[in-house]
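This report refers to the structure that appears directly beneath it.
It should be emphasised that the depicted structure is a prediction, and the values quoted were computed from it without experimental measurement. Letters go in sequence order (proteins before strands), and every chain restarts at 1. Computation of the quantities below employed the complete heavy-atom set of this structure, encompassing side-chain atoms and omitting hydrogens, waters and symmetry-equivalent molecules.
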There are 2 protein chains.
Amino acid sequence: MRTLKYAILGLLNKEPMTGYDIGKEFSRDLGEFWTAKHSQIYPELKKLLNEGLIVYEIQISGEILEKKLYSITEEGKEDFLQWLKKAEPIEPTPKDVFRLRMYFSNHLDVTTRLDLLEHQLLQHQDRLEHLRKNKERYETIPPLDSDNFGDYLVLDGAILRETGIIQWLENFISYCKK
Amino acid sequence: MRTLKYAILGLLNKEPMTGYDIGKEFSRDLGEFWTAKHSQIYPELKKLLNEGLIVYEIQISGEILEKKLYSITEEGKEDFLQWLKKAEPIEPTPKDVFRLRMYFSNHLDVTTRLDLLEHQLLQHQDRLEHLRKNKERYETIPPLDSDNFGDYLVLDGAILRETGIIQWLENFISYCKK
DNA sequence: CGCGACATGTAAGCAGTTACATGATTAT
DNA sequence: ATAATCATGTAACTGCTTACATGTCGCG
């Protein structure tokens, strides 16, 4: 499906960036729903370059360090917008190792189960708190056509996801305690 | 992480099965959080066999059709239970193509956006309804140590997940309509 | 007899992670 | 000076999907 391709085109569609910058975007809010390591990003950039969807210019930083500042071409923009507006069937449900484990949890004694659950709960509560803190930056919903809107959406989605997981964990914990 | 390995061991720990049966389990409720195709299952079974974690006996079905009925060994059980009780950090957040697309949605006009959102909403509502119907089979919560308990948990988790997604989509739709 | 489900495998390729490898810049 | 961050790449491997390939069983 070449999703990484479109993730990169989408980012370059906002503004020119280096491969390193793209990697950093994936560790911000966008990373709640898509990420890639630099070892995947650099080869993909090379591919997009060959396909004529992006170009780069060398920037000198400091004395000698060359960095490649990539920007999207007209062809790249078209390709990206085609992808963006296409209606697709929903994805198969994403894999989740912890829930797979809990599917088999009838083979664990109740104390072990509770330990595992509390451990998960704490981590998800941390993540939720962190997301809520990020969302506080927005006193109001950003305009529909601003770059910030996507960020806001992703945060909202991640908060609802974490809330659901926490609710599930709490239900489960209360079953175990009865 | 060899997760498929443990998914298979977990299923065989309930009862002996063929590779085909394992594939079918992944298209039931467990499939909400883990799946694998037969092209991945058969090679993995071969590997587990070599590792001594499972064994099989040939069953004749009809006149000549040989099927391999796999069961877990003592060594397999131990390995599985070790995996099951180990506390792990939470997984990095799962990828989601649709949310990635919506991250870039400020480049779409409002009608296209609403089309895409309604399209997703319908599909998630269908999935939710289907899950709720499955859950109706349980009038009460199954006992903590029964095989059904895992099934119930998974359903509960999937329902909460879908509810969160639907809520997010509805929020998003209402922003767009304002 | 034909069709859908049962049943088992392999091959090619894409996507993603971990590890290997190198070097410059900036702030302390 | 030295550590953290900036910056770019490749290689080996795991996991997973799609397609290729084959044959049986049970039902209508």
(message) Among dT8(C), dT25(C), dG15(D), which nucleotide has an atom closest to any side-chain atom of Q40(B)?
(response) dG15(D)
(message) Quick one: does any side-chain atom of W34(B) pair with a main-chain N or O of R99(A) as donor and acceptor, under 3.5 Å?
(response) no
(request) Measure from the side-chain heavy atoms of W34(A) and tell me the nearest of dA7(D), dG16(C), dT24(D). (result) dG16(C)
(request) Round to the nearest Å and state the distance from Y56(B) atom OH to dT8(C) atom P. (result) 11 Å
(request) Please determine, for the side chain of K46(B), which listed nucleotide (dG16(C), dG9(C), dC6(D)) has the closest atom? (result) dG9(C)
(request) State which of dG16(C), dT8(C), dA24(C) makes the closest approach to the side chain of I64(A). (result) dA24(C)
(message) Does dC6(C) have its OP1 or OP2 closer than 4.0 Å to a side-chain nitrogen or oxygen of Y20(B)?
(response) yes
(message) Measure CG/D21(B) against C1'/dA5(C) and give the value in whole Å, please.
(response) 13 Å
(message) What contact category does K95(A) fall into here, base, sugar-phosphate, or nothing, at under 4.0 angstrom with non-hydrogen atoms?
(response) sugar-phosphate
(request) State which of dG9(D), dT18(D), dA19(D) makes the closest approach to the side chain of H38(B). (result) dA19(D)
(request) Could you tell me the separation between the CD atom of Q59(B) and the C1' atom of dT24(D), rounded to a whole number of Å? (result) 16 Å
(request) Take the protein atom CD1 of I60(A) and the nucleotide atom C1' of dA7(D), then report the distance between them rounded to whole Å. (result) 12 Å
(message) For D115(A) and T112(A), which I'm curious about, is there any donor-acceptor pair between the side chains at under 3.5 Å?
(response) no
(message) Counting the atoms with a prime plus P, OP1 and OP2 as sugar-phosphate, which does K24(B) contact under 4.0 Å by heavy atoms, base, sugar-phosphate, or nothing?
(response) sugar-phosphate
(request) Decide whether N148(A) and S146(A) meet the rule of one side-chain donor and one side-chain acceptor closer than 3.5 Å. (result) no
(message) Looking only at side-chain N and O atoms, does D29(B) offer a donor or acceptor that is under 3.5 Å from a partner on Y152(B)?
(response) no
(request) Mind calculating the distance between CE (M1(A)) and C1' (dC16(D)) to the nearest angstrom? (result) 13 Å
(message) Using heavy-atom distances to pick each residue's nearest nucleotide on DNA chain C, tell me which of T18(B) and T35(A) is more 5'.
(response) T18(B)
(request) Measure the distance from CD on E63(A) to P on dG23(C) and round it to the nearest whole Å. (result) 18 Å
(message) Among Y103(B), F104(B), F172(B), exactly one meets ring-ring contact (aromatic ring centres under 6.0 Å, His included) together with F149(A). Which residue is that?
(response) F172(B)
(message) Does S39(B) contact dT18(D) through a side-chain donor or acceptor facing the base, at a distance under 3.5 Å?
(response) yes
(request) Mind checking the NE2-CG spacing from H107(B) to L81(A)? Nearest 0.5 Å is all I need. (result) 7.5 Å
(request) Tell me whether the OP1 or OP2 atom of dT18(D) has a side-chain N or O from K37(B) closer than 4.0 Å. (result) yes
(message) From CZ of F26(A) over to P of dA15(C), roughly how many Å is that when rounded to an integer?
(response) 14 Å
(request) Looking only at side-chain atoms of K68(B), point me to the closest of dG9(C), dA7(D), dG15(D). (result) dG9(C)
(message) Would you say Y42(A) places a side-chain N or O within less than 4.0 Å of OP1 or OP2 belonging to dT8(D)?
(response) yes
(request) Return the value, rounded to whole Å, for the distance between atom CD of E44(B) and atom P of dT8(C). (result) 16 Å
